[in-house]
Amino acid sequence: MSDLDRRTTGGEDEPVRFLTQDGQLIRPDLPRPPDDVVREGLRLMLLSRALDEKCTILHRQGRLGLYAPVHGQEAAVVGSHLAIDPAVDWLVPASREQPAMLRHGWTLDRLLASLLGRIDAARIPDDVRMLPRQQAIAAQLPHAAGIAWATSIQGGRAVTLAYCGDGATSEGDFHEACNLAGVMEVPLVLVVINNQYAISTPVSRQTRARRLSDRALGYGFPGVTVDGNDLFAMYEVTRQAVVRARDGQGPTLIEAMTYRVGFHNTSDNPSLYRHPSEPAEAEERDPITRLVAYAVWAGLLDAAAVDAQRAEVRAEVEAALDQALSYDAPRPEQIFRHITGGARDNQPDG
Ligand SMILES: Cc1ncc(C[n+]2csc(CCOP(=O)(O)OP(=O)(O)O)c2C)c(N)n1
């Protein structure tokens, strides 16, 4: 029985955690990702934070419609995605997995184009094995189970990595997808980002279950709860789940315990439903601070190199924004594209 399996029996109450907040391994024998994976992870997390900052400004300037930040959840998203191979595996995001989508092959200018309504430029290239962001909560999950089922019928080695939030676990689509995935033993890794809130609804109002990972037991596959602010734990648990899936042993549910530090999206005001001390405390568990502490301690980067990287990713966002703004601006008639039905969808707008 692997560690992962043992944790599904309910014997261990604590989330899986490898790193202290000071960036030290809790036990020296714990596995750590290869150094290049840590470097890639840190860069993506910094890029994600820079993107959050820029998109919030663009929204406040009235130049961008809506943005859902990743702030606080970066290790959960990046750590899990680092464990799959974008050339082989499928990504099925929810609505705030921007760094995973970038690592999967959607370029930053296309991502920004999507947020700016420049939909032709935003198109996900056919060779990128990824679904678009999903705004209808949990609606992506039956598709994820279906993709995983299809790839297993085709006989390839592909694994599908899907994401949803804690609120999504109360939706019928979540349960239908998990049931199908369990019955058909599909190669699906489902990461539930438990950021404690579904807009204003706290997770305590979603379920009486002890943990969201316990949901998996009812569908006959392993569920494991992980410290979602710990890149190492997220990477290792997802890596084990991916090995299981590739070996034909079926799905795994990973609950990433984290916290949505900012607003739900740019139209939300969280001070209406939570005390400001809550996000302030969560900032003390910041996933980037933790990983930087490890990287400096392990000699992968020094503090000056981290600062240089922060500047680099900001410049990268600015350059991608310039590129995105050079694409065709949205036209009102595009709103009706794809909803008029049949052959008209293939005709020029208007
Ligand atoms: C089917 C559906 N119901 C309701 C909504 C409105 N809505 C948008 S985001 C959200 C909360 C989602 O919470 P969670 O699944 O925890 O993900 P998070 O946004 O926290 O990442 C809700 C209820 C929606 N988009 N789709």
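When a residue number appears, it is its place in the shown sequence, counting from 1. Note that ligands are numbered from 1 as they come in the structure, with each ligand's atoms numbered from 1 the same way.
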Taking only heavy atoms of [X], which atoms of ligand 1 are found under 4.0 Å from at least one of them?
{"X": "Tyr197", "result": "16 (O), 20 (O)"}
{"X": "Gln135", "result": "24 (C), 25 (N), 26 (N)"}
{"X": "Ala136", "result": "26 (N)"}
{"X": "His264", "result": "9 (S), 19 (O)"}
{"X": "Asp166", "result": "16 (O)"}

Checklist entry - Should Arg260 be listed as contacting ligand 1, given a heavy-atom distance under 4.0 Å as the test? => result no
Checklist entry - Knowing that exactly one of Leu91, Asp89, Val191, Leu44 qualifies, which makes a side-chain contact (heavy atoms from CB on, under 4.5 Å) with His81? => result Leu91
Item to check | SB check Arg314 Glu53 (cutoff 4.0 Å) | outcome: yes
Item to check | Test: Arg274 cationic atom under 6.0 Å from Tyr197 six-membered ring centre, within 45° of axis | outcome: yes
Item to check | Residue among Asp286, Thr289, Thr258 satisfying side chain to side chain donor-acceptor pair (under 3.5 Å) with Asn229 | outcome: Thr258
Item to check | Side chain, backbone, both or neither: Asn195 near ligand 1, heavy atoms under 4.0 Å | outcome: side chain
Item to check | Protein contact of atom 2 (C) of ligand 1 - nearest heavy atom, named by residue and atom, plus distance | outcome: Ile137 N, 3.7 Å
Checklist entry - Nearest protein heavy atom to atom 3 (N) of ligand 1, by residue and atom, and its distance? => result Glu171 OE2, 4.1 Å
Checklist entry - Can you check side-chain contact (heavy atoms from CB on, under 4.5 Å) on Phe232 and Tyr294, steps first, answer last? => result CA-CA 10 Å; Phe232 285 23; Tyr294 171 83; 3.4 Å; yes
